[in-house]
Student: 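My questions will all concern the structure given below.
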2 protein chains.
Amino acid sequence: MPGGPRWWSGRFRGCGYRLTIPRQAILEALTRSDEHLSAEDIYLAVRKVYPGLGLTTVYRTLDILKQMGLVFKFDFGDGRSRYELARGPNVTHHHHLSCRSCGRVVDYSEFVEKEKSLLEEIESTLSKKHNFKINSHQIHFYGLCSSCQ
Amino acid sequence: MPGGPRWWSGRFRGCGYRLTIPRQAILEALTRSDEHLSAEDIYLAVRKVYPGLGLTTVYRTLDILKQMGLVFKFDFGDGRSRYELARGPNVTHHHHLSCRSCGRVVDYSEFVEKEKSLLEEIESTLSKKHNFKINSHQIHFYGLCSSCQ
DNA sequence: GTCGATGCAAAAAATTTGCAAGTAA
DNA sequence: TTACTTGCAAATTTTTTGCATCGAC
C-alpha cells in the first residue's frame, strides 16, 4: 500500500472539509478492514500507526464521512455503532442478514445484480416524489440463526 | 379501542415471556402511534394511562419485543434508538428514506408488491445457505433532502 | 406457589462539548 | 493568514444492572 493520492482525495476538494492526516489514517483503516468496525476498533487500529490520535477525532471524522456518503453507520444491537466503508475500489456492495436473538451478522453480496433494476426504479421514483438526491441504500434481513432457533 | 384480547396475545403463549400490564400498555402505545418512537417517547406516552411505569421496563420490554420479531429497532442518527411495530393489523409494511445531512426520515410503502418476489427469492436462498429462519427485512435509502442539497 | 417481571436508585458506557493549541489550504 | 481540526478532560445522555417486591400463570 504505497503512499500515493487516494480515490477519496477528490471527494474532499471544495466540500469545505480538509483532508488531514488523522482523517486519512481513519479512511486507510476502514479500507484495510472488511469488518464492521466500532469507533473504538478504528481508534485502536489507527493508533498503532498514528499514536497521537484521539477518540473524539474518530467520532467526528466518522460523522463527516457518513455525511459525505463515504461510510455507512449501523446499529447491530451490541450497544455501539459500527461503521463500514460505503464505496471505493476495495468495497464489495453487500447487505446484511442478522440474528434477532444473538446478534450475529452475516454479509451477503449475491443478488446485487438482480436487485439493480428494481432498486434503480424505486430510487428514481422516490427521488422525484420526495425531492431527494439518493445515492445509496441498504437491505437488512432479520431472523434466527441455526443456534438460536 | 375496546379491551378485548389483542392479536399479540397468542405470540406470548408458551414462549416463556408473560403478557403483563406494562407490556400490553407498551404494545398499545406502539399500535396507537405511527411515528418512530424512542424509548422515552413510549415511556411518556404510556405513563399518561399507566403512571406506575418505569423507563427500565420500557427498555426491557422493547428488547423482548425485538427478539420476538414484533418491533423493529432503528438508529436514525439522533443519538437514541427508535422503535416501530413490525407487524399487526394496523401496520403497513414500509421502508425508509433518510437524509444523510439533517437526518429527516421519510416512510414509503410503494413498491412493496414489486419487491415481493425478489425479496422472497433472496430470503429463501439466504435461509438455506446460512441456515437462518428469516422473517422480516428492511430497506433503507440514503441521500440528501431538498433543503440539504 | 413459582419464577418471571417490575421499579427504583445507582452504575456503566458510548458519544459529545468546551477550549487552547496545531495545521491544511 | 484564516478557518477548520485536534486532543484532552469533563460533561451529557442513553441504556444497563442490582435487588427487594410484585404478579402472571
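A note on names: the letters A, B, ... follow the listed sequences, proteins ahead of strands, and every chain is numbered from 1.
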Student: Would you say C/dG4 has OP1 or OP2 under 4.0 Å from some side-chain N or O of B/T20?
Tutor: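 No, B/T20 has no side-chain N/O under 4.0 Å of OP1/OP2 on C/dG4.
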
Student: How long is the line joining CG of A/L62 and C1' of D/dT6, in whole Å?
Tutor: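 The answer, rounded to whole Å, is 15 Å.
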
Student: Which of these nucleotides, C/dC19, C/dA24, D/dG18, is closest to any side-chain atom of A/R60?
Tutor: C/dC19

Student: Ring centres under 6.0 Å, that's the criterion: do A/F111 and A/H95 meet it?
Tutor: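 For A/F111 and A/H95, the ring centres are not under 6.0 Å apart.
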
Student: If you check every side-chain atom of A/A39, which of C/dT15, D/dA24, D/dG7 has the closest atom?
Tutor: C/dT15

Student: Mapping B/L55 and A/R80 to their closest nucleotides on DNA chain C, which lands nearer the 5' end?
Tutor: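 The residue whose closest nucleotide sits nearer the 5' end is B/L55.
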
Student: If you only use heavy atoms from C-beta on, which nucleotide in C/dA25, D/dA24, C/dT15 is closest to the side chain of A/R18?
Tutor: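 For A/R18, the side-chain atoms sit closest to C/dA25.
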
Student: Bend across the helix from C/dG1-D/dC25 to C/dA25-D/dT1, to 10°, with axes taken over 5 pairs at each end?
Tutor: 60°

Student: Just to be sure I understand the rule, does A/S38 reach a base, reach only the sugar-phosphate, or reach nothing, if contact means heavy atoms closer than 4.0 Å?
Tutor: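 No contact.
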
Student: Is A/E28 salt-bridged to A/R6, cutoff N-O under 4.0 Å?
Tutor: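 Here A/E28 pairs with A/R6 in a salt bridge, since their nearest N and O are under 4.0 Å apart.
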
Student: Look at the side-chain heavy atoms of Ile, Leu, Val, Met, Phe, Trp and Tyr, link any pair under 4.5 Å apart, and say whether B/Y83 and B/F74 land in one connected group.
Tutor: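 Looking at the clustering, B/F74 is in a separate group from B/Y83.
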
Student: Hey, does A/T56 reach any base, or is it just sugar-phosphate, or nothing, if we go heavy atoms under 4.0 Å?
Tutor: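 Base, at least one base heavy atom under 4.0 Å.
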
Student: Are A/Y50 and A/L62 in one and the same hydrophobic cluster, where Ile, Leu, Val, Met, Phe, Trp and Tyr link if side-chain heavy atoms are under 4.5 Å apart?
Tutor: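 Cluster IDs for A/Y50 and A/L62 match.
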
Student: What is the distance, rounded to the nearest whole Å, between atom CZ of A/R47 and atom C1' of D/dC8?
Tutor: 11 Å

Student: Looking at B/R80 and B/D75, does any basic side-chain N land under 4.0 Å from a carboxylate oxygen?
Tutor: no

Student: From the list C/dA5, D/dT15, D/dG7, which nucleotide is the closest neighbour of the side chain of B/Y59?
Tutor: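 My answer, after comparing the listed nucleotides, is D/dT15.
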
Student: Is there a path of hydrophobic side-chain contacts, each under 4.5 Å between heavy atoms of I/L/V/M/F/W/Y residues, joining B/I134 to A/Y108?
Tutor: yes

Student: Given the structure, check if the side chain of B/R23 and the base of C/dA5 hold any donor-acceptor pair shorter than 3.5 Å.
Tutor: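 It does not, because no donor-acceptor pair links the side chain of B/R23 to the base of C/dA5 below 3.5 Å.
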
Student: Going by number, which of residues 9-17 of chain A have a non-hydrogen atom under 4.0 Å from DNA chain D?
Tutor: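 The answer is A/G16, A/Y17.
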
Student: Kindly work out whether a path of hydrophobic side-chain contacts (I/L/V/M/F/W/Y, heavy atoms less than 4.5 Å apart) joins A/L119 to A/F141.
Tutor: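 The answer is yes; both residues are in one hydrophobic cluster.
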
Student: Salt-bridge test for A/R82 and A/E35: reply yes if a basic N is under 4.0 Å from a carboxylate O, no otherwise.
Tutor: no

Student: Give B/Y50 one of three labels, base, sugar-phosphate or nothing, depending on what nucleic acid heavy atoms sit under 4.0 Å from its own.
Tutor: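 Contact class for B/Y50: sugar-phosphate only.
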
